[in-house]
Amino acid sequence: MFSRLRSDIQCILDRDPAARSTWEVLTCYPGLHAIILHRPAHWCWKQGLKWLGRFISHISRWLTGIEIHPGAVIGERVFFDHAMGVVVGETAEIGDGCTIYQGVTLGGTSLYKGAKRHPTLGRNVVVSAGAKVLGGFLVGDGAKIGSNAVVIKPVPAGATAVGIPARIIPSKTGESADVTTAQNKFSAYGITLEDDPVSQAMKGLIDNASSQEHQIALLWHAIEKLVENGKTTKDCVPVDAALQETFEADKLNQLMGK
């Protein structure tokens with residue numbers, strides 16, 4: 001028991017630069033208190049003492065602001081950072097080394113009792129502030145969930161999910177999709193340097209439309225030169241022909257944040 005407690009305290013010291021001492025973590029971190037109280041609550045739940053397990057979790061919620069159902073399975077070195085307003089459902093499973101920030105919901109979309117309604121988080125998953133992970137699917141090892149994302153489908157290992165509904169930024173070969181490097185092994189809040197997939201698609205459409213308009217303008221200019229040289233009739237260039245480019249690609253890219 002004490003060995004596991006030391007491991008929980010150390011993981012907080014490793015991931016939170018604001019943590020200055022073991023005593024501070026032990027006395028002032030509600031995420032650690034929620035983990036400590038969840039263990040007897042989960043034991044009671046597994047032994048068939050359902051009411052007692054729920055009552056302990058209710059006391060934990062009142063003391064910490066973190067609501068963890070006693071039926072949830074939580075691994076080792078899990079860190080609830082700040083974590084006010086976190087909700088973890090009955091059939092949720094949180095793997096070793098995960099980090100969960102404030103306002104996160106690991107919720108269910110099914111009303112059937114006994115079904116796997118809540119998500120399973122693999123090892124070293126980061127779920128950022130305000131994110132909602134809804135459903136009985138798997139979030140792979142090392143995945144990141146961006147702030148305020150709403151995840152309703154599985155997330156592959158090493159990928160980053162962002163947006164509403166969440167879109168998947170896949171991991172590169174041998175690398176995570178976020179900013180984690182060999183020198184910085186922990187990346188908070190699921191930050192990514194990669195572009196949002198929808199943003200990438202919109203930029204591609206803008207660039208394509210701009211290129212097409214440019215080519216059409218070149219064609220009309222070529223036809224005008226043929227008319228001037230007398231090699232074709234004058235009425236082959238319509239009055240409303242777009243001889244000048246008007247597509248504002250730069251302005252649209254600025255609106256997209258590029």
In Å, rounded to the nearest 0.5 Å, how long is the span from [atom1] of [X] to [atom2] of [Y]?
| X | Y | atom1 | atom2 | answer |
| --- | --- | --- | --- | --- |
| Thr64 | Arg61 | OG1 | CZ | 9.5 Å |
| Asp8 | Arg77 | CG | CZ | 9.0 Å |
| Ile35 | Ile12 | CD1 | CD1 | 8.5 Å |
| Leu32 | Asp81 | CG | CG | 12.0 Å |
| Asp14 | Phe79 | CG | CZ | 10.5 Å |
| Leu52 | Cys44 | CG | SG | 4.0 Å |

Please check: side-chain N/O of [X] versus main-chain N/O of [Y], any donor-acceptor pairing under 3.5 Å?
| X | Y | result |
| --- | --- | --- |
| His118 | Gly136 | no |
| Lys144 | Gly142 | yes |
| His58 | Glu67 | no |
| Lys132 | Gly103 | yes |
| Thr109 | Leu134 | no |
| Thr120 | Leu138 | no |

Does one hydrophobic cluster hold both [X] and [Y], with members joined at side-chain heavy-atom distances below 4.5 Å?
| X | Y | answer |
| --- | --- | --- |
| Val151 | Ile164 | no |
| Leu63 | Ile56 | yes |
| Val87 | Phe80 | no |
| Val88 | Trp45 | no |
| Met84 | Trp62 | no |

Do [X] and [Y] make a side-chain contact, defined as non-hydrogen atoms from C-beta onward lying under 4.5 Å apart?
| X | Y | value |
| --- | --- | --- |
| Phe137 | Lys116 | no |
| Val25 | Asp16 | no |
| Val133 | Val155 | no |
| Ile100 | Leu106 | yes |
| His38 | Ile66 | no |
| Ile168 | Pro156 | yes |
| His69 | Arg54 | yes |

Looking at Ile152, I want to see if its CD1 is surrounded by more than 12 non-hydrogen atoms of other residues, nucleotides or ligands under 6.0 Å.
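No.
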Neighbour count >12 (heavy atoms, 6.0 Å) for atom NZ, Lys46
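At most 12 heavy atoms, drawn from other residues, nucleotides or ligands, come within 6.0 Å of this atom.
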Considering non-hydrogen atoms only, spot the tightest contact between [X] and [Y] and give its length.
| X | Y | answer |
| --- | --- | --- |
| Ser60 | Ala34 | OG-CA, 3.8 Å |
| Ser57 | Pro70 | OG-CD, 3.6 Å |
| Ala166 | Ala149 | CB-CB, 4.4 Å |
| Asp141 | Gly122 | OD1-CA, 3.3 Å |

According to the interplanar angle, ranging from 0 to 90°, do the rings of Trp51 and Phe55 count as parallel (below 30°), tilted (30 to 60°) or perpendicular (above 60°)?
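Parallel, since the angle between the ring planes stays under 30°.
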Parallel, tilted or perpendicular, judged at 30° and 60°: which one describes the rings of His82 and Tyr101?
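His82 and Tyr101: tilted rings.
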Got a salt bridge between Asp96 and Arg123, using NZ or NE/NH1/NH2 to carboxylate O under 4.0 Å?
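Arg123 and Asp96: salt-bridged.
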Given Ile94, which partner from the list Thr99, Val78, Val139, Val125 fulfils the side chain to side chain contact (heavy atoms under 4.5 Å, CB included) test?
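Running side chain to side chain contact (heavy atoms under 4.5 Å, CB included) over Thr99, Val78, Val139, Val125 with Ile94 returns exactly one hit, Val78.
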